[in-house]
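To start, the structure under review is shown below, and the notes come after it.
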Amino acid sequence: MPEKASLSIGAAVFEPDAAVAYVPVILNRATPNTVIARVITVNGSGANKAISGYQYKATESVVIFRPGDPLRKTVSVPILDAADGQQFSLKLREAPWGADQGTASATVTANSSATPTAPATSGFRNPRTFRTYGALQYEMTKSNMRWSDDGWSGAWSTKLSHGRAQPANGETGIYLDGELHPNAEAPLRYTDEGLVMHTQVLDTPLSWAGIAYNYGSVVLSGHNTPSTQIGYGQYEWVAKMPDRRGAWPAFWLISTSGWPPEIDVYEGFGYQSYWDFDRHISATIHGGSGGWRTFQRGTNIQAEQAYGMSGFSQGYHRYAVDIGPEYITWFVDGLETYQSVNPFRGHRWYPIMDVAVKTTGSYTDGSGDMVVKSFRAWQN
């Protein structure tokens with residue numbers, strides 16, 4: 001995996017009577033993957049401080065560098081009434097996604113005798129739109145959707161390849177099967193809306209590998225279903241997300257040769273207090289070998305702010321990935337949201353869709369169900 005770039009904010013100057021100040025955000029090298037940074041203005045200090053609402057307009061912005069973009073972008077900050085020498089700052093709200101953090105804050109100064117910082121205006125690539133360019137290999141329909149304990153050529157498995165629970169990463173739910181666990185509420189059912197993947201609080205704890213579980217999770221894995229597996233190509237899910245605190249929905253891919261590698265198309269970290277199911281999205285790759293992860297890359301971003309997308313638990317949205325020999329590219333509602341160099345050339349992938357549970361709380365707020373309206377795979 002190529003080394004990550006480092007992202008820094010640069011100092012800037014503007015003429016006191018200017019309408020806009022341009023503040024540079026800079027990468028130190030070409031990026032092998034999308035870099036996303038959230039930046040925010042901060043009032044100045046001392047006798048020459050500039051104050052938002054008086055000398056400048058408070059600004060919060062998302063800066064996105066895609067592979068192939070120039071290494072310098074600028075953030076535009078509206079100027080209201082600044083005097084010569086007044087200053088404020090632009091700073092990172094948190095470490096950038098997809099890059100190391102360099103200089104996290106820089107000063108923006110009104111200076112009538114200096115050359116104003118110039119805007120960066122050209123050379124930036126627009127986000128791609130999702131398209132398929134292979135043969136449709138698999139499409140989930142009510143008539144062909146089947147599942148069983150182990151799965152087979154015509155059915156998904158209701159457990160992961162290594163079993164019905166993952167206590168090592170803190171999961172507190174057991175992956176249920178309707179036939180194996182008849183006393184629990186049905187974990188899977190197909191309705192007119194689509195495939196309902198249902199999580200729950202269990203009336204009676206269930207045990208697996210010597211551990212008792214109080215919650216029911218749900219998973220469908222294609223590890224024994226060759227028709228769902230591709231090498232290079234595209235996967236797309238259309239789904240409505242849960243919004244229950246402690247729910248952990250995901251669409252992900254595992255190499256048929258074993259974990260890692262892994263490609264997470266979408267993950268909803270409902271066990272994290274900051275996570276907003278209606279506004280956040282994430283995408284990640286995990287690399288390594290022999291059962292050991294040695295690196296990961298990805299993003300976890302407020303999609304409403306970055307891309308104008310929201311309402312992921314309120315309605316159906318499209319989550320897709322395009323796996324090519326050079327790049328892996330993620331899409332939400334047809335718009336590119338992240339791209340990475342493909343460090344996993346030659347692998348074949350099987351899909352997993354699940355809602356894990358990671359909580360010890362009541363697990364009763366909102367909905368713990370993910371509804372999958374559509375799933376398709378194209379092989380190139």
Side-chain angles (χ1 to χ4, degrees), residues 140 142 145 147 149 156-160 163-208 211-221 237-252 264-282 300 303 310-319 332 351-375:
M140 182 187 82
K142 189 174 183 179
M145 191 61 178
W147 52 82
D149 179 16
W156 297 65
S157 174
T158 58
K159 63 184 178 186
L160 298 171
R164 294 201 167 274
Q166 297 197 104
N169 64 10
E171 293 184 25
T172 55
I174 181 173
Y175 291 106
L176 298 173
D177 181 283
E179 292 189 2
L180 298 178
H181 310 108
N183 293 327
E185 299 166 1
L188 292 158
R189 66 184 190 276
Y190 220 119
T191 70
D192 291 339
E193 278 195 274
L195 177 68
V196 179
M197 306 188 74
H198 175 62
T199 61
Q200 58 195 279
V201 180
L202 298 172
D203 290 335
T204 303
L206 291 170
S207 293
W208 187 81
I211 300 175
Y213 292 89
N214 294 306
Y215 307 91
S217 299
V218 59
V219 65
L220 287 174
S221 173
W237 284 265
V238 179
K240 180 167 63 175
M241 291 300 157
D243 62 358
R244 180 172 291 172
R245 189 58 52 197
W248 189 359
F251 300 131
W252 42 308
D264 297 327
V265 182
Y266 167 89
E267 235 177 323
F269 300 100
Y271 59 89
Q272 298 282 9
S273 60
Y274 73 84
W275 185 266
D276 185 331
F277 276 110
D278 279 326
R279 292 176 175 83
H280 283 96
I281 57 173
S282 70
N300 181 330
S310 61
F312 303 118
S313 74
Q314 303 300 313
Y316 292 92
H317 295 263
R318 298 161 57 203
Y319 305 89
V332 176
I352 300 173
M353 44 182 150
D354 78 300
V355 185
V357 178
K358 190 173 181 178
T359 185
T360 56
S362 60
Y363 199 65
T364 55
D365 63 299
S367 171
D369 296 353
M370 178 170 69
V371 185
V372 182
K373 179 180 286 188
S374 169
F375 168 73

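Bear in mind the structure is a predicted one, so any value in this text is a computation, not a measurement.
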| task | Begin with the C-alpha distance, continue with both residues' side-chain angles, and end with the deciding distance and a verdict on side-chain hydrogen bond (donor to acceptor under 3.5 Å, both in side chains) for Y316 and E193. | result | CA-CA 10 Å; Y316 292 92; E193 278 195 274; 2.8 Å; yes
| query | Can F312 and V332 be said to form a side-chain contact (heavy atoms from CB on, under 4.5 Å), step by step? | reply | CA-CA 10 Å; F312 303 118; V332 176; 4.0 Å; yes
| task | May I have the step-by-step check of side-chain contact (heavy atoms from CB on, under 4.5 Å) for W275 and E267, ending in yes or no? | result | CA-CA 11 Å; W275 185 266; E267 235 177 323; over 6 Å; no
| task | Could you please spell out the steps behind the side-chain contact (heavy atoms from CB on, under 4.5 Å) verdict for L220 and F375? | result | CA-CA 12 Å; L220 287 174; F375 168 73; over 6 Å; no
| message | One pair to check against side-chain contact (heavy atoms from CB on, under 4.5 Å): N169 and W248. What are the steps and the verdict? | response | CA-CA 12 Å; N169 64 10; W248 189 359; 3.9 Å; yes
Enumerate donor-acceptor pairs with a distance under 3.5 Å from any side-chain N or O in residues 196-204 to protein atoms, sequence neighbours excluded.
from, atom 1, to, atom 2, distance (Å)
H198, ND1, D369, OD1, 2.6
H198, ND1, D369, OD2, 3.4
H198, NE2, E185, OE1, 2.5
T199, OG1, Y363, OH, 2.7
T199, OG1, G368, O, 2.6
Q200, OE1, E185, N, 2.9
Q200, NE2, E185, O, 2.9

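The side chain to side chain contact (heavy atoms under 4.5 Å, CB included) with S221 is formed by just one residue from the set T158, I352, D354; it is I352.
Between L176 and A184, the shortest heavy-atom distance links the atoms CD1-CB, 4.0 Å. In plain terms, the two heavy atoms of W237 and P351 that are nearest each other are CZ2-CB, 4.0 Å. Counting all heavy atoms, side chain and backbone alike, H280 lies closest to Y266 at O-CE1, 4.2 Å. Residue R244 comes nearest to D365 through the heavy atom pair NE-O, 2.9 Å, listed as atom of the first residue, atom of the second, then distance. Of all heavy-atom pairs between P249 and M370, the closest is CB-SD, 4.0 Å. For the residue pair S207 and A212, the shortest heavy atom distance occurs at OG-CA, 3.8 Å.
Using a 4.5 Å cut-off on side-chain heavy atoms (C-beta onward), T172 and Y271 make no contact.
For the 3.5 Å distance criterion, the side chains of D278 and S313 qualify, holding a donor opposite an acceptor.
Of the inter-residue distances, the one linking W147 atom CH2 with L188 atom CG reads 5.0 Å to the nearest 0.5 angstrom. Summarising the geometry, atom CG belonging to D192 is positioned 11.0 Å from atom NZ belonging to K373; distances are rounded to the nearest 0.5 Å. The distance from the CG atom of D264 to the CZ atom of F251 is 12.0 Å, given to the nearest 0.5 Å. With rounding to the nearest 0.5 Å, the separation of NZ in K358 from OH in Y215 is 13.5 Å. In this structure, the separation between CG on L206 and CZ on R164 is 10.5 Å, given to the nearest 0.5 Å. With rounding to the nearest 0.5 angstrom, the CD atom of Q314 is 13.0 Å from the CE atom of M241.
For R279, the salt bridge (charged side-chain N to carboxylate O under 4.0 Å, His left out) partners at least two apart in sequence or on another chain are D276, E304.
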